[in-house]
Amino acid sequence: EANAALDGLDQTEALRITGEILAAHAGKVERGAESITLPNWYDPEGGTLVATLDPEMDGRENAERYFRRYRRATAAAEAALDRIPTLEERARSLQALRTRVTEAPAEELTALREELRSAGIFREQAAQAGGKSPLPEFPPGVRIKRVTVGDWELLYGENATGNDHLTTRLARPGDLWLHARAVTGSHVVVRGVSTLERLPAEVLREAARIAAAHSSGRHASVVAVDYTFRRYVRKPRRSAPGAVVYTHEKTIHVSP
């Protein structure tokens with residue numbers, strides 16, 4: 001975890017550098033642009049830097065957006081570093097408890113069980129024994145389903161809040177995102193695609209079929225389904241849950 005936190009601090013520097021370079025060239029940014037290539041004065045070889053932009057912002061606002069992300073990422077990485085001593089101490093305590101359980105005589109196991117429950121080891125089992133359901137995987141009102149096709153994991157939202165949570169919170173930039181064209185319906189995500197060459201045709205077709213089957217066009221014999229990478233999907237400001245715009249899409253036609 002320490003290495004991951006330090007890596008996070010290193011990655012925040014890229015946000016700061018982008019913000020500084022973008023701020024210095026803010027006048028060159030036209031509202032509506034999705035990216036800009038600028039000289040990178042931090043590169044000893046004189047390379048360039050490509051900054052991804054929010055088309056609804058001007059150059060100054062986009063620079064400030066990078067600075068905000070830098071501040072949040074720095075705070076998160078530093079918080080992770082602060083937690084390391086506590087986690088290490090907990091790991092030592094759990095190891096000691098494990099040794100005690102292994103070596104304890106049978107008459108002491110009941111007492112040790114209560115001690116382990118206090119440490120959080122039997123939290124889920126205790127809840128189930130009391131007749132309570134385990135904690136939901138997603139926040140209240142968020143309905144998302146999982147489907148496995150071969151070795152690939154597919155997710156789709158069952159309602160607007162599920163679509164919103166899936167696209168804006170769960171999906172990563174390299175995940176493939178699908179939606180039935182020009183109709184309401186589920187957002188569908190195929191995890192970890194990165195490049196279309198990696199994705200088997202049958203997985204793409206099944207993801208498209210799910211998008212079609214969970215759309216208002218599901219009664220048609222053929223439904224057009226758009227697909228693009230999550231990095232090209234954007235939620236406009238103040239838009240309703242699940243409302244997005246997207247670019248770089250391709251289209252596949254499937255039967256629901």
Side-chain angles (χ1 to χ4, degrees), residues 4 8 11-12 15 34 52-57 65-66 68-73 75-77 79-80 123-124 127 132-194 196 199 203-204 206-218 223-252 254 256:
Q11 292 168 7
T12 62
L15 296 173
E34 296 186 350
T52 302
L53 306 174
D54 184 331
E56 296 185 359
M57 296 181 178
R65 182 172 66 98
Y66 272 97
R68 285 196 301 271
R69 291 173 59 192
Y70 164 71
R71 291 191 290 268
R72 287 196 299 266
R123 186 178 303 145
E124 182 178 348
K132 299 178 182 179
S133 300
L135 292 174
E137 183 179 3
F138 303 115
V142 173
R143 291 163 45 197
I144 297 174
K145 289 291 188 181
R146 299 177 185 269
V147 177
T148 301
V149 181
D151 295 329
W152 295 85
E153 182 184 41
L154 283 63
L155 306 175
Y156 65 91
E158 290 192 301
N159 57 5
T161 53
N163 285 339
D164 199 77
H165 189 82
L166 173 60
T167 297
T168 64
R169 299 293 184 89
L170 291 183
R172 298 179 180 275
D175 292 346
L176 193 68
W177 183 92
L178 303 93
H179 192 281
R181 171 179 284 188
V183 295
T184 59
S186 292
H187 296 193
V188 180
V189 166
V190 185
R191 306 300 295 269
V193 176
S194 299
L196 287 175
L199 188 67
V203 178
L204 173 60
E206 177 59 18
R209 190 199 65 77
I210 291 172
H214 293 85
S215 75
S216 58
R218 60 185 174 274
V223 176
V225 175
D226 290 339
Y227 60 97
T228 187
F229 284 103
R230 166 60 186 86
R231 59 179 171 268
Y232 300 125
V233 182
R234 183 174 58 84
K235 179 179 175 64
R237 291 181 182 180
R238 295 181 292 275
S239 60
V244 297
V245 294
Y246 53 91
T247 59
H248 297 75
E249 72 274 13
K250 296 183 179 180
T251 305
I252 182 173
V254 296

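Keep in mind the model is a prediction, meaning the values are calculated, not measured.
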Is a side-chain donor or acceptor of His179 paired with a backbone partner of Gly185 at a separation under 3.5 angstrom?
yes
Just by modelled atom types, is the Val233 backbone N or O under 3.5 Å from a matching donor or acceptor in the Arg230 side chain?
yes
Please determine whether a side-chain nitrogen of the Lys or Arg among Arg234 and Glu56 lies less than 4.0 Å from a carboxylate oxygen of the Asp or Glu.
yes
Taken in chain and number order and not counting sequence neighbours, the residues that satisfy side chain to side chain donor-acceptor pair (under 3.5 Å) with Ser239 are Lys235
Going by the side-chain contact (heavy atoms from CB on, under 4.5 Å) test, name the single residue among Ile210, Leu204, Leu176 that passes it with Val190.
Leu176
State, with a plain yes or no, whether a side-chain heavy atom of Met57 is found less than 4.5 Å away from one of Arg237.
yes
Would you say Phe229 and Val193 make side-chain contact, with heavy atoms under 4.5 Å?
yes
Sub-4.5 Å side-chain heavy-atom contact between Phe138 and His165
yes
Between CZ on residue Arg169 and CG on residue Asp164, distance to nearest 0.5 Å:
8.0 Å
Where do Val183 and Ser216 come nearest, in terms of heavy atoms and distance?
CB-OG, 3.2 Å
Is the backbone of His187 close enough, under 3.5 Å, to the side chain of Asn163 for a donor and an acceptor to pair up by distance?
yes
Kindly check if the number of other-residue, nucleotide or ligand heavy atoms within 6.0 Å of CZ (Arg68) is above 12?
yes
Quiz question: by atom type and distance under 3.5 Å, do the side chains of Arg181 and Thr251 form a donor-acceptor pair?
yes
Got a sec, which residues hit salt bridge (charged side-chain N to carboxylate O under 4.0 Å, His left out) with Arg146, two or more places apart in sequence or on another chain?
Glu137, Glu153
With sequence neighbours left out, write down each residue that passes salt bridge (charged side-chain N to carboxylate O under 4.0 Å, His left out) with Glu249, or none if nothing qualifies.
none
Indicate yes or no for a side-chain donor-acceptor contact from Ser215 to the backbone of Gly217 under 3.5 Å, with no hydrogens or angles considered.
yes
Residues two or more places apart in sequence or in another chain: which of them pass side chain to side chain donor-acceptor pair (under 3.5 Å) with Arg71?
Glu64
Applying side chain to side chain donor-acceptor pair (under 3.5 Å) to Tyr246 and not counting sequence neighbours gives Asp226
Under the side chain to side chain donor-acceptor pair (under 3.5 Å) test, which residues partner Thr228, sequence neighbours left out?
none
Would you compute the distance between atom OH of Tyr156 and atom CZ of Arg143 and round it to the nearest 0.5 angstrom?
10.0 Å
Distance check, rounded to the nearest 0.5 Å: Leu178 atom CG versus Glu206 atom CD?
11.0 Å
